[in-house]
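Throughout, protein chains are lettered first and strands after them, A, B, ... in sequence-line order, and every chain is numbered starting at 1. Any value given below was found using the heavy atoms of this structure, including those in side chains, with hydrogens, waters and symmetry copies removed.
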Amino acid sequence: MLAQAAAQDPGTGRGRPGPPLWLLLELTYRCPLHCVFCYNPTDFGSVGRELATGEWLRVLEEARALGSVQLGLSGGEPLVRDDLETIVAAAHRLGFYTNLITSGVGLTETRLQALAEAGLDHIQLSFQDSTRRMNDFLSSTRTFELKSRVAALIKKYRYPMVLNVVLHRLNIDHVEEILGMAERMGAEYVELANTQYYGWAWRNREQLLPSRAQLRRAEEVTARFRERVGSRMRIFFVVPDYFETRPKPCMSGLGQVFLSIAPDGVALPCQAARMLPGLTFPSVREASVRSIWYESPAFNRYRGDGWMKEPCRSCPERGRDFGGCRCQAYLLTGDPANTDPVCELSPHHHLVTEAVDRAERRGTPLAAEQPLVFRDHRAGEDSRA
Amino acid sequence: MRAVDAAARPAIGRGFRLQWEPAQEAHVLLYPEGMVKLNQSAAAILTRCDGVRTVADIVADLERTYTAAGLTPDVCAFITLALGRTWLELLP
């Protein structure tokens, strides 16, 4: 949502990039949930030792000195870290706007009070569905009632209630119930974010991709709901890019405004970028945030448009969508420098439309012939549902 | 849209924060997961919306600071827009 900021750089990022306005700290990959649509890497169990408190504080200072201003605290589940309050307090003192992105698991009143006192600005609470059965099924846990309690706590501490629900084939038909739940909870903002297919979601793509009819119904329901509630509740509906004909301007271009630090200190231009082949992403354990952002080959690799292939290279829209998503190009075509196959001009666009067509032909949700793989640190065959 | 009352006291909306960002050489308005970079006139108005000064006070201050006159319509139009986007709220 840094659209305004990104809009100030209409070029394709030639020359020295601006500061990393958006800093995301993925404090840990540990999480009590096991969501089938998680974008964390599927081998997260083998990622190295997490940064210590002091190391996170140094990252905050260095990034703030560069001009970072929006801070996301995410994971995994950031509340798993018992130094979250310390990190929030330091970030607040430095002038960051602090956003906690949480499943709510672990958010007791004691911790919420401490976070509020530390200066936490904002909380985004995720739900997996509107009913206990589906929420608990999709996250492979029993968390629905806990989340409802957390939602009430968030209201009590006068934070705006911001709900995020990741949509996919198995819950998209419940959009009306999901919005109804959000309304009952007094949500001010609801983000209905269709699954993006990375990590665990990529592994489960065939079971998660909705049909066109499902998507259309969900959009209609959302439009009607919007009309009824007006400005009382703002609803964002993020269309899954597989149904588009132009790619998303992923991260406003890699290395332009967004910097993510993985639990082990590896700096990434997008949370999913660790998968990109041929790049060594530097760690904040070994280099300063400044040198990583401005000088590292990995961050410079996909800046500007020199790396682009046709049809992007000569496309008049390359400064608008930056060729789409490198990770998606890699996952679907094997080459991250290819045009994101979501684009109908891509010679690989059929890979996307074929996946959508397969989703179209599939039967009733949950009658999947392939089992869903729940996110699990063992990441093996034994974690299948 | 209703005209803003000259006696109203606007303040930065809950959940928003206004601050100077040296790296951007601009005032910015921060809100959940987003940011607006403000131009000079927007910043001049918003930095005066402290919940104490009335709209009339703000206009008078701006006219004095910038040795200008007749700023009321522009200031009121901006405040109306900012209220609509919840950047500002009116204190009772």
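Here the CZ atom belonging to B:Arg85 is positioned 14.5 Å from the OG atom belonging to A:Ser231, to the nearest 0.5 angstrom. Separation of atoms CZ (B:Arg17) and NE2 (A:His92) is listed at 6.0 Å; rounding is to 0.5 Å.
The candidate with the highest count of non-hydrogen atom pairs below 4.5 Å against chain B, out of A:Ile101, A:Ile123, A:Val69, is A:Val69.
Here the shortest heavy-atom pairing between B:Pro32 and A:Asn99 reads CA-OD1, 3.6 Å. In terms of heavy-atom proximity, B:Ala23 sits nearest to A:Pro19 at CB-CG, 4.4 Å.
Within a 6.0 Å radius of CZ in A:Arg158, no more than 12 heavy atoms belonging to other residues, nucleotides or ligands are found.
Between the A:Gln70 side chain and the B:Tyr31 main chain, a donor and an acceptor come within less than 3.5 Å of each other.
Contact residues of residues 7-16 of chain B toward chain A are B:Arg14, B:Gly15, B:Phe16 (heavy-atom distance under 4.5 Å).
The side-chain heavy atoms of B:Gln24 and A:Leu21, taken from C-beta on, include a pair separated by under 4.5 Å.
Within the 4.5 angstrom heavy-atom criterion, no atom of A:Arg234 approaches chain B.
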